[in-house]
Amino acid sequence: MKKTLLAIRALMSVPKDNPGLVKAQYIALARQLPMMYFILLVNTLMLAGTHYAVAPRWLVVYCPLLMTLFGVVRAVEWIRTRKLERSPEHMLTALKRTNILAPFVAVAFTAWSLALFPYGDGYTQAHVAFYMAITVIGCIFCMMHLLPAALAITAVVNTAFVVFFASTNIITFVATAIDVLLVSIAMLIILKAQYADFTRLVNMQAHTAKLSEENLHLANQDSLTGLANRRQFFSRLDTQLSHASEQQTRLAVGLIDLDGFKPVNDLYGHSVGDRLLYQVGQRLAGLLDDGVHLARLGGDEFALIITRVMSDDQLQAFGEKICASLREPFLLVDIPIQISGSLGIATFPDQASSAMQVYEYADYALYQSKRHRPGTVCLFSADHRQQLNREGLTEQALRRADLDREFYVVFQPIVDIQTGQTVAFEALARWQSPELGSVPPCEFIPIAERAGLVNRLTLPLLRKALAAAANWPAGMRLSFNLSAHDCGSEDAAQQIVELIRGSRFPAACLDLEITETAAIQDLPQTQRTISRLRELDCGISLDDFGTGYSSLSHIHALSLTKLKVDRTFVTDIHLDPASFKIVKSLVALSQDMQLECIVEGVETTDELDALKTLGCAWAQGYLFAKPMPACEIGAWLEGEKLAKAQAV
């Protein structure tokens, strides 16, 4: 019994726990109830008109007037709601009010129509029966999307209709009552099925909308960190940029790239790397407020949209805070993992004028940070813009350059510190552009690397270096730099091997220099390339040793023959105890691993004396000689012989 009562109560109540259904019902009723009241009032006025001459004034004038006033007010209220935004709570309240009013309205109109039945002849009485039958059918159809109200109206009107007309003992009215009852039952069955379909359709739409929202959320969310992804970043950047333009406020974009992330992946595996990225995202998110939006663009690159207005000094301090936070250890394995993050920041509208431009400027500032001061923040400036414009011109000129005619090599001696004699020359690229004049390698090589053009330079420069070196005295070595593309491409490696084989210079006297950063981009392919070069008996030097992410495992894996100590450790080594200790350790490491050690950037006799104290064997730098063209090498070597003979 209790379950039955609960079921009836649920059937006659508005479903408040389904907001989507409530909204759909509200919208449907806002369209249909004005029509219901129009039908009801027109029929009411017509029934009052047919009884005007025979029924009391209060029944045919005052009651219809009150019912008309009520119907017009309710119809206007529903029409007005079509143009207004309503909250879910307001919609639910309106449906509940309609559900409560429905049986009372049905009672009022039913009682009024039955009160008219005793007056008039058989035609007017038939009109009352017709009025009740057609009205209840119209109300059922107009209330079909609010099932409890439709059921209440049907129950009130049909019960009164059947009981009243069946009790008249007039066979026509009894038959009419039975017909109306059967039709109403059939309509209610159809109505219930339609309402079930309506509810199911609404629920399916809600489910589809939820899935669509979830898919949209997934499409805009980075699955690893839970942060906004690249797609959402650029979408939000466009929105925030439009807002900043309208409000004439400043906006900044920051790009963060982790320093030292790849070695963590290589050493500990991708699962630890993924956990590290997650913790980086969490740490960054903890530093930010509502005025800064954080996203992960992919790999180990994160991005910021800074909508809070900041001056350059404030942005600098904010960036330093982020970089300092990233230098704090991450506890993922048995030992703390230490990385850092470089940050580039660009601003709108004072520096950039569009979303793509502010992003590119931030990327350039990041590049400058990683190139000159990794682990720090760099703000894009007017000087950077001029430099970027020049780099753009340089890149275009590089793409149009005649490599054989415009590019050439010069050679810097590598000297045996103990004897002072030249034992090798390093080939260095030079560019004499007809458009730009002499372009230093510190400008065009980074541009060539960023633009993917550096691989075009290797073969013509190596060909020229080998051709020049073929005329040197026997045993003189040649050192030549390879790019990341040369190490990481099977085709590039094959072309280099074929060029070396076809030259007149002995491969056993050739040292090919690679940087560790380039090597570990694709360590397996680099190993295959080095293996092929070692088969030719070429030497392999690790350039800029100590400045990258050097590890003994990489040194062992790369089958090296030489290490080159970067000049940053050599400058003022006699005055810097830390540099002295570092070079001492690197020299000892080279000796222990039976690798030759070359020190770069020696410029003063004090630096040379310090290196002699440490037992260094080979060195190069401006103290010995600046890079020279191939035509001057013969005179240089003759001068050395002469000096040696005079010394003896």
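Ionic pairing of Glu328 and Arg283 is not present here: no N-O contact between side-chain nitrogen and carboxylate oxygen is shorter than 4.0 angstrom. Salt-bridge annotation for Glu406 and Arg430: absent, with no side-chain N of the basic residue lying under 4.0 Å from a carboxylate O of the acidic one. Salt bridge Arg390/Glu443: present, at least one basic N to carboxylate O contact under 4.0 Å. A salt bridge is defined here as a Lys NZ or Arg NE, NH1 or NH2 lying under 4.0 Å from an Asp or Glu carboxylate O, and Glu596 with Lys564 fails to meet this definition.
With a 6.0 Å radius and a threshold of 12 heavy atoms from other residues, nucleotides or ligands, His270 has its NE2 atom at or below the threshold. In Phe198, the CZ atom is crowded: over 12 heavy atoms of neighbouring residues, nucleotides or ligands sit closer than 6.0 Å. At most 12 heavy atoms of other shown residues, nucleotides or ligands fall within 6.0 angstrom of atom CZ in Arg373.
Side chains of Gln351 and Arg385: a donor on one and an acceptor on the other come within 3.5 Å. Side chains of Gln232 and Gln221: no donor on one and acceptor on the other come within 3.5 Å. At a cut-off of 3.5 Å, with distance as the only test, no side-chain donor of Glu360 or Tyr364 sits close to an acceptor on the other residue. Under the 3.5 Å distance criterion, with hydrogens and angles disregarded, no donor-acceptor pair is assigned to the side chains of Thr307 and Gln240. A donor and an acceptor atom, one from each side chain of Asp486 and Thr458, are located under 3.5 Å apart. A donor-acceptor contact under 3.5 angstrom links the side chains of Thr568 and Asp566, judged on distance only. In this structure, a donor-acceptor pair under 3.5 Å is absent between the side chains of Gln412 and Glu426. Residues Gln525 and Arg528 have side chains that bring a donor and an acceptor to within less than 3.5 angstrom of each other.
A heavy-atom distance below 4.5 Å is not found between the side chains of Ser541 and Leu512. Residues Ile345 and Tyr361 fail the side-chain proximity criterion, which asks for heavy atoms closer than 4.5 Å. The side-chain heavy atoms of Glu607 and Glu603, taken from C-beta on, include a pair separated by under 4.5 Å. Between Leu276 and Ile339, some side-chain heavy-atom pair lies under the 4.5 Å cut-off. Proximity of Asp543 to Ile514: side-chain heavy atoms (C-beta onward) are nowhere separated by under 4.5 Å. No side-chain heavy atom of Leu542 sits under 4.5 Å from any side-chain heavy atom of Leu595. At a threshold of 4.5 Å between non-hydrogen side-chain atoms, the residues Leu482 and Ile496 count as touching. The shortest distance between side-chain heavy atoms of Glu301 and Leu366 falls below 4.5 Å.
For Pro577 against Leu575, the heavy-atom pair with the smallest separation is CD-O, 3.4 Å.
Taking Phe580 as the reference, nothing meets the ring pair (Phe, Tyr, Trp, His ring centres under 6.0 Å) condition, with sequence neighbours excluded. Tyr367 is linked by a ring pair (Phe, Tyr, Trp, His ring centres under 6.0 Å) to nothing, counting only residues two or more places apart in sequence or in another chain. Every residue two or more places apart in sequence or in another chain that forms a ring pair (Phe, Tyr, Trp, His ring centres under 6.0 Å) with Tyr359 is listed here: Phe234. Taking Phe318 as the reference, nothing meets the ring pair (Phe, Tyr, Trp, His ring centres under 6.0 Å) condition, with sequence neighbours excluded.
The closest donor-acceptor contact from the side chain of Ser235 to the backbone of Arg231 lies at 3.5 Å or more, if one exists at all. Checking side-chain atoms of Thr225 against main-chain N and O of Gly281 turns up no donor-acceptor pair under 3.5 Å. Put simply, the side chain of Arg567 never gets that close to the backbone of Thr571: no donor and acceptor are under 3.5 Å apart. With hydrogens and angles disregarded, no donor-acceptor distance shorter than 3.5 Å links the side chain of Ser245 to the backbone of Leu241. In terms of modelled atom types and a separation under 3.5 Å, the side chain of Gln338 and the main chain of Arg327 share a donor-acceptor contact. Side-chain atoms of Ser585 come within 3.5 Å of backbone atoms of Lys581 as a donor-acceptor pair (strictly under, hydrogens ignored). At least one donor-acceptor pair closer than 3.5 Å links the side chain of Gln357 to the backbone N or O of Ser353. Put simply, the side chain of Ser531 never gets that close to the backbone of Gln527: no donor and acceptor are under 3.5 Å apart. Although no hydrogens or angles enter the test, the distance criterion places a donor-acceptor pair under 3.5 Å between the side chain of Thr529 and the main chain of Cys487.
Evaluated for a side chain to side chain contact (heavy atoms under 4.5 Å, CB included) with Phe302, the options Leu277, Asp257, Leu326 yield exactly one hit, Leu277. Tested against Val358 for a side chain to side chain contact (heavy atoms under 4.5 Å, CB included), the candidates Ile305, Leu237, Asp363 yield a single pass: Leu237.
We find the OG1-NE2 distance between Thr249 and His243 to be 6.0 Å, quoted to the nearest 0.5 Å. The CG atom of Leu453 sits 11.0 Å away from atom OG of Ser483, with the distance rounded to the nearest 0.5 Å. If you take CZ on Phe233 and CZ on Arg230, they are separated by 8.5 Å, rounding to the nearest 0.5 Å. Note that CG of Leu343 and NZ of Lys370 are 11.0 Å apart. Values are rounded to the nearest 0.5 Å. How far CG of Leu560 is from CD of Glu513: 11.5 Å, rounded to the nearest 0.5 Å.
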Legend entry - Derivation and outcome, side chain to side chain contact (heavy atoms under 4.5 Å, CB included), residues Asp312 and Leu379: CA-CA 8 Å; Asp312 284 350; Leu379 266 65; 4.0 Å; yes

Inset, instruction - Walk me through it: do Phe569 and Val599 pass the test side chain to side chain contact (heavy atoms under 4.5 Å, CB included)? - result: CA-CA 9 Å; Phe569 301 114; Val599 182; over 6 Å; no

Inset, instruction - Dump the intermediate steps for side chain to side chain contact (heavy atoms under 4.5 Å, CB included) on Met593 and Leu589, then the final yes or no. - result: CA-CA 6 Å; Met593 300 192 69; Leu589 174 64; 3.8 Å; yes

Inset, instruction - Please report the C-alpha distance between Gln316 and Val377 in whole Å, then the side-chain angles of each, then the deciding distance to 0.1 Å, and finally whether the side chain to side chain contact (heavy atoms under 4.5 Å, CB included) criterion is met. - result: CA-CA 7 Å; Gln316 183 74 31; Val377 59; 3.2 Å; yes

Inset, instruction - Run the numbers on Ser479 and Asp511 for side chain to side chain donor-acceptor pair (under 3.5 Å), then give the verdict. - result: CA-CA 5 Å; Ser479 183; Asp511 294 314; 5.5 Å; no

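Within the structure, side-chain hydrogen bond (donor to acceptor under 3.5 Å, both in side chains) contacts touching residues 374-384 (residues at least two apart or in different chains) are Ser381-His384.
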Under 3.5 Å donor-acceptor pairs involving side-chain atoms of residues 287-297, not counting sequence neighbours:
from	atom 1	to	atom 2	distance (Å)
Asp289	OD1	Gly291	N	2.9
Asp289	OD2	Arg308	NE	3.1
Asp289	OD2	Arg308	NH2	3.1
His293	ND1	Arg236	NH1	3.3
Arg296	NE	Gly299	O	3.1
Arg296	NH1	Asp222	OD1	3.0
Arg296	NH1	Asp222	OD2	3.2
Arg296	NH2	Gly299	O	2.9

